[in-house]
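Bear in mind that the values here come from a model prediction, so they are computed numbers and not experimental data.
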Amino acid sequence: MKILVCISHVPDTTSKINFTENDTKFDTNGVQFVINPYDEFSLTRAMWFKEKQGATVTVVNVGNATTEPTLRKALAIGADDAIRVNMEAVDGLSVAKQLAEVVKNGGYDLVLAGRESIDYNGAMVPGMLSSLIDFNFVNGCIGLEVDGTSVTAIREIDGGNETLSTSLPLVIGGQKGIVEEKDLRIPNMRGIMMARKKPLNVVEPVAAENATSITSFEKPAPKGTVKLIDADNVDELIDLLHNEAKVI
């Protein structure tokens, strides 16, 4: 089984976020970038298939040269090789088209991605990718077993879980549950050294116009001051909740 894992290069969740150029561009100064957490869950599941079923695992990212350390970390975790599509990722559809080309050229059976990236939260690329390459698709996946070409997948739905039977070829949008946080892997020194020798191939993008463009960014409004109400002043509390907080 040939597995392709799609890796997004995203800011660490503890990073302080700022914007430049009149709030139209993300300020990367001082920001630490990591593997998108949802992608890391899927990568860890791919490593299970590699170790238990002899699968080969390739990781791919659409981005410029600054994303290569993130790909190297994925290689250190255990992926066999990496592909970087040499294009800045600014639009979901154009990214999906680049990934589709990689899948078509590589003959992959299973494509694992996170359900969304934590920076743009678009949750669109895995679905669009599956449509472009005519693969089966399961999003929000929290369980995955493969037996030959038969697949059992569990996905999260409102109020519970849904178990699905499907088959390869398949695109998965994974999340926590496909593996647990305790199963995530930290690269050791041997893995880091081996990653330096593993292939990281840079390919040029295919022609694909962006379907969307960023107009501006805006931070959430700062939290207001806390108002303390005496425990016996229920009427004032109700009035504030109704007229100021507008939650009742």
Side-chain angles (χ1 to χ4, degrees), residues 1-10 33 35-36 38-47 49-50 54-117 119-120 122-139 141 144 146 149 151 166-174 178 195 198-212:
M1 180 167 59
K2 291 186 68 175
I3 300 176
L4 181 70
V5 182
C6 304
I7 299 292
S8 290
H9 173 79
V10 301
F33 284 83
I35 298 174
N36 179 49
Y38 293 122
D39 300 341
E40 192 168 3
F41 287 123
S42 290
L43 173 61
T44 305
R45 190 59 180 168
M47 296 311 305
F49 288 124
K50 176 181 177 179
T56 60
V57 178
T58 299
V59 290
V60 61
N61 166 261
V62 178
N64 57 32
T66 62
T67 70
E68 290 191 5
T70 297
L71 284 173
R72 288 292 181 194
K73 180 181 177 181
L75 292 172
I77 288 172
D80 298 298
D81 62 318
I83 299 169
R84 179 174 68 82
V85 181
N86 189 28
M87 183 192 83
E88 187 175 358
V90 295
D91 169 73
L93 180 58
S94 64
V95 168
K97 288 181 176 178
Q98 305 308 322
L99 295 174
E101 192 69 15
V102 172
V103 175
K104 292 173 185 176
N105 291 335
Y108 298 99
D109 307 295
L110 176 63
V111 180
L112 292 169
R115 71 177 190 189
E116 63 182 357
S117 62
D119 48 2
Y120 290 101
M124 64 181 78
V125 171
M128 291 192 293
L129 172 60
S130 68
S131 178
L132 290 168
I133 58 179
D134 196 27
F135 277 24
N136 296 323
F137 175 51
V138 178
N139 200 24
C141 186
L144 185 67
V146 179
T149 60
V151 179
T166 184
S167 61
L168 301 177
L170 174 69
V171 175
I172 289 291
I178 198 168
K198 292 180 180 179
L200 196 165
N201 301 307
V202 179
V203 299
E204 292 305 312
V206 297
E209 293 184 3
N210 293 334
T212 59

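Note that OG1 of Thr44 and CD1 of Ile178 are 9.5 Å apart. Values are rounded to the nearest 0.5 Å. Note: Asp109 CG to Thr149 OG1 = 9.5 Å, rounded to the nearest 0.5 Å. Put simply, OG1 on Thr67 and CZ on Phe33 are 10.5 Å apart, with the number rounded to the nearest 0.5 Å. Between the CZ atom of Phe41 and the CZ atom of Arg115 there is a distance of 10.0 Å, given to the nearest 0.5 Å. The distance from the CG atom of Asp134 to the NZ atom of Lys104 is 10.0 Å, given to the nearest 0.5 Å. In this structure, Ile35 CD1 and Ile77 CD1 are separated by 4.0 Å, a value rounded to the nearest 0.5 Å.
Side-chain N or O atoms of Gln98 include one that pairs as donor or acceptor with a backbone N or O of Val206 at under 3.5 Å. Judged by distance alone, the side chain of Lys50 and the main-chain N or O of Gly78 form a donor-acceptor pair under 3.5 Å. Under a 3.5 Å cut-off, the side chain of Asp39 and the backbone N or O of Ser8 do form a donor-acceptor pair.
Considering only heavy atoms from C-beta on, Cys6 stays 4.5 Å or farther from Val125 through its side chain. Lys2 places none of its side-chain heavy atoms less than 4.5 Å from the side chain of Thr58. Leu144 has its side chain out of reach of Val138: every pair of non-hydrogen atoms, C-beta onward, lies at least 4.5 Å apart. Residues Val102 and Tyr108 have side chains in contact (heavy-atom distance under 4.5 Å, counting atoms from C-beta outward). Counting heavy atoms from C-beta on, the side chains of Phe49 and Leu110 come closer than 4.5 Å.
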**OP:** Under the side-chain contact (heavy atoms from CB on, under 4.5 Å) rule, what do Asp80 and Lys198 come out as? Steps first, then yes or no, please.
**Re:** CA-CA 7 Å; Asp80 298 298; Lys198 292 180 180 179; 5.7 Å; no
Subject >> Steps toward side-chain contact (heavy atoms from CB on, under 4.5 Å) verdict (Val203, Asn105) >> reply: CA-CA 11 Å; Val203 299; Asn105 291 335; over 6 Å; no
**OP:** Please report the C-alpha distance between Asn61 and Thr70 in whole Å, then the side-chain angles of each, then the deciding distance to 0.1 Å, and finally whether the side-chain contact (heavy atoms from CB on, under 4.5 Å) criterion is met.
**Re:** CA-CA 9 Å; Asn61 166 261; Thr70 297; over 6 Å; no
**OP:** Go through the steps for Met1 and Leu168 under the test side-chain contact (heavy atoms from CB on, under 4.5 Å), then give the verdict.
**Re:** CA-CA 10 Å; Met1 180 167 59; Leu168 301 177; 4.0 Å; yes
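Here the shortest heavy-atom pairing between Phe135 and Val111 reads CE2-CG2, 4.2 Å. Annotation for Gly173 and Phe137: closest pair N-CE1, 4.2 Å, computed over non-hydrogen atoms. The two residues Ala55 and Ile3 make their nearest non-hydrogen contact at CB-CD1, 3.8 Å. Shown here for Ala113 and Ser42, the closest heavy-atom pair between the two residues is O-OG, 2.8 Å. Of all non-hydrogen atoms in Leu75 and Pro199, the two that sit nearest each other are CD1-O, 4.3 Å. Scanning both residues, Leu170 and Ile172, for their nearest heavy atoms gives CD2-CD1, 3.7 Å.
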Please tabulate, one pair per line, all N/O donor-acceptor pairs under 3.5 Å involving side-chain atoms of residues 83-94, not counting sequence neighbours.
unit_1: Arg84; atom_1: NE; unit_2: Glu68; atom_2: OE2; d: 2.9
unit_1: Arg84; atom_1: NH1; unit_2: Gly63; atom_2: O; d: 2.9
unit_1: Arg84; atom_1: NH1; unit_2: Asn86; atom_2: OD1; d: 2.9
unit_1: Arg84; atom_1: NH2; unit_2: Glu68; atom_2: OE2; d: 3.2
unit_1: Asn86; atom_1: ND2; unit_2: Glu204; atom_2: OE2; d: 3.3
unit_1: Asp91; atom_1: OD1; unit_2: Ala211; atom_2: N; d: 3.3
unit_1: Asp91; atom_1: OD1; unit_2: Thr212; atom_2: N; d: 3.0
unit_1: Asp91; atom_1: OD1; unit_2: Thr212; atom_2: OG1; d: 2.6
unit_1: Asp91; atom_1: OD2; unit_2: Leu93; atom_2: N; d: 3.3
unit_1: Asp91; atom_1: OD2; unit_2: Ser94; atom_2: N; d: 2.9
unit_1: Asp91; atom_1: OD2; unit_2: Ser94; atom_2: OG; d: 3.4
unit_1: Asp91; atom_1: OD2; unit_2: Ala211; atom_2: N; d: 3.2
unit_1: Ser94; atom_1: OG; unit_2: Asp91; atom_2: O; d: 3.0
unit_1: Ser94; atom_1: OG; unit_2: Asn210; atom_2: OD1; d: 3.1

